[in-house]
S.K.: 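Starting off with a structure, shown below.
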Protein chains: 2
Amino acid sequence: MKQRLAAIGTVETLPHRVAAFLSREIESGELNPGARLPTEQELSEKFGVSRNVVREAIAQLRADGMIEARQGIGAFVLAPEQRAAIRIDREALKDTHNMERLFELRCILEAESAALAAARRNQVHLDSIKAALDRMGGEERWEEGSIDADLLFHREIARATGNSYIHTFISFVCEQIRHSIHYARMTNPLHDLVEINVGEHVRIYEALVAGDPAAAEAAMRAHIVGAANRVGVKLPLSKANGAK
Amino acid sequence: MKQRLAAIGTVETLPHRVAAFLSREIESGELNPGARLPTEQELSEKFGVSRNVVREAIAQLRADGMIEARQGIGAFVLAPEQRAAIRIDREALKDTHNMERLFELRCILEAESAALAAARRNQVHLDSIKAALDRMGGEERWEEGSIDADLLFHREIARATGNSYIHTFISFVCEQIRHSIHYARMTNPLHDLVEINVGEHVRIYEALVAGDPAAAEAAMRAHIVGAANRVGVKLPLSKANGAK
DNA sequence: GTGATACATATCATCCTACAACTTGCTTCG
DNA sequence: CGAAGCAAGTTGTAGGATGATATGTATCAC
């Protein structure tokens, strides 16, 4: 808890601000791939910061594969395909439309992963998942802890696939959604919705226990559509799902 | 082309090496979440570099949400759930087992996305996809350009879903796989396999033209399993797929 | 005139020192 | 005994200096 408060209260450092500025300039297309960035000195003068700050900002963009710096020449914008990292702009997620897209991605990832987990889970996995489920419906149901338990439930399922990349991706997407929901959440009196939410999780868990991939996938899909609705995001039922 | 050579030839800078070292120490669990990192001065002495270099390394880890630095106190390792970016270690991908996992993730993402694309694509999308397909089978078939066209084909399908997050994720995963394959590729005389590969792509394209989500999904799934086999990765057919 | 070598310049890479801002613990004084 | 303040440690920022690398230019030999 202390960690979370600290994380939220973290001041925006100068390198972070410079990096964000350049990043947006690249994303928006003002700096096209292949274009050369201003020199470090020019940037430091432009932003009124030391060259050290500019370098830390550039180091970050470079680590992400957004730009490439070459000694003696300058720094150049790279093509989006060359990105070495995935990073999601949380500001953009305030737009419901983007939120909807992210839920769609989550649905794709988690539905099939639930099927995989149903086929591969062992008893240890089931115990971890059950523990998270109990926390959700337990005494923490009205607290922030309930949401933590919810996410933990999903992460443990992802872990049960035995695929660390799947685990990483699902954890990431879920966390992005959590942060986005966090501030918009107070508006919804979701106390009466908790029962529905827990019920959906129970159905997923039962399918995992039964080792039924198809049922797990269906239950997960239904849950994510429901979860999206509960936070005000209307998830379009894709034809792919309806076709099954 | 010049860019690619330059990108490959990019020397490993000192900050990058320090960041990689700390990153591995965190991933391996030697530094647990909540643990405090050595001070910048200690690190600079330990690695024999200036404090500036250490700061650039830390700036990168901080941007990824791996650590959190607090003025006057120190830097602390954050929990994996708080990561702000997804980054894949290319060294780890030299292990075939990890490669297999990544292909599995790719299969999940692309199969359903192909279905979405089949439902949502318009003529402009189809034209872009067709152009990439033609490049694959065209005069570039034996060149590096063939692989570029292959990836472009997949990216354009991802774009046709109309979901920018899906596009980002698929582009990222595909690019990781491409880089990993790149050096191991010379061993395979895949000239005779090109026909098979192109054929699989044609079937995907035809399903998209027909607007048939189920067919597109099946064709994409078959293709990715085939592509994995062709680079020596035996992708386990999940029960989820067999159940359909 | 042409070619090659050497130099000057521009830029990033790294290092160094200094100071500011912030936190913590201890000390000193009332 | 309590509280204010001081001191030390740590990260944040600033600024300059030097090394490494790429590019263009000028000079000189032929």
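Protein chains get the first letters and strands the later ones, always in sequence-line order, with residue 1 at the start of each. All values below come from the heavy atoms of this structure, side chains included, with hydrogens, waters and symmetry mates left out.
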S.K.: Excluding sequence neighbours, so at least two apart, what forms ring-ring contact (aromatic ring centres under 6.0 Å, His included) with A:His223?
M.R.: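 ring-ring contact (aromatic ring centres under 6.0 Å, His included) list for A:His223, sorted by chain: A:His154, A:His201.
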S.K.: To the nearest 10 degrees, how far apart in direction are the end axes of the helix from C:dG1-D:dC30 to C:dG30-D:dC1, each fit to five base pairs?
M.R.: 30°
S.K.: Strictly distance-based, threshold 3.5 Å: is any side-chain N or O of A:Arg87 a donor or acceptor partner for the main-chain N or O of A:Asp64?
M.R.: no
S.K.: What ring pair (Phe, Tyr, Trp, His ring centres under 6.0 Å) pairs are there with at least one residue in residues 20-65 of chain A, not counting sequence neighbours?
M.R.: A:Phe21-A:Phe47
S.K.: Are the side chain of B:Ser44 and the backbone of B:Gln41 linked by a donor-acceptor contact shorter than 3.5 Å?
M.R.: yes
S.K.: Keeping the roles fixed (side chain from B:Ser128, backbone from B:Val124), state whether a donor-acceptor pair exists under 3.5 Å.
M.R.: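 Side chain of B:Ser128 to backbone of B:Val124, a donor-acceptor pair under 3.5 Å: yes, one is there.
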S.K.: Considering only NZ, NE, NH1 and NH2 on the basic side and carboxylate oxygens on the acidic side, decide whether B:Arg36 and B:Glu42 come within less than 4.0 Å.
M.R.: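 No.
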S.K.: In B/S/- notation, 5' to 3', how is nucleotides 15-20 of chain D contacted by protein heavy atoms closer than 4.0 Å?
M.R.: B-B-BB
S.K.: With A:Leu105, which of B:Thr168, B:Leu109, B:Ile170 fulfils side-chain contact (heavy atoms from CB on, under 4.5 Å)?
M.R.: B:Leu109
S.K.: Indicate yes or no: does B:Arg83 engage B:Glu27 in a salt bridge with an N to O separation below 4.0 Å.
M.R.: yes
S.K.: Could you give the CZ-to-C1' distance, from B:Arg62 to D:dT13, as a whole number of Å?
M.R.: 12 Å
S.K.: Taking side chain as C-beta onward, heavy atoms only, is A:Asp134 less than 4.5 Å from A:Lys130?
M.R.: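 When only atoms from C-beta onward are counted, A:Lys130 and A:Asp134 do touch, with a gap below 4.5 Å.
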S.K.: Taking the side chain as everything from C-beta on, heavy atoms only, tell me whether B:Ile177 gets closer than 4.5 Å to B:Met99.
M.R.: yes
S.K.: From the 5' end of DNA chain C to its 3' end, which nucleotides mark the outer limits of contact with chain A, defined by a 4.0 Å heavy-atom distance cut-off (strictly under)?
M.R.: C:dA10 to C:dT14
S.K.: For residues 38-47 of chain A, which residues have at least one heavy atom under 4.0 Å from DNA chain C?
M.R.: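 The answer is A:Thr39, A:Glu40.
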S.K.: Salt bridge or not between B:Arg24 and B:Asp89? Use side-chain N to carboxylate O under 4.0 Å.
M.R.: yes
S.K.: D:dG12 phosphate, OP1 or OP2: any side-chain N/O from A:Arg55 under 4.0 angstrom?
M.R.: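 For A:Arg55, the contact criterion (side-chain N or O under 4.0 Å from OP1 or OP2 of D:dG12) is not met.
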S.K.: For B:Phe76 and D:dT11, what is the distance between atoms CZ and C1' respectively, to the nearest whole Å?
M.R.: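 Nearest whole value for this atom pair: 11 Å.
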S.K.: For DNA chain D, whose closest nucleotide is more 5', that of B:Ile73 or that of A:Leu14?
M.R.: B:Ile73
S.K.: With a 4.5 Å cut-off on side-chain heavy atoms, are A:Glu175 and A:His179 touching?
M.R.: yes
S.K.: Between A:Asn163 and B:Arg101 (side chain of the first, backbone of the second, donor and acceptor by atom type, cut-off under 3.5 Å), is there such a pair?
M.R.: yes
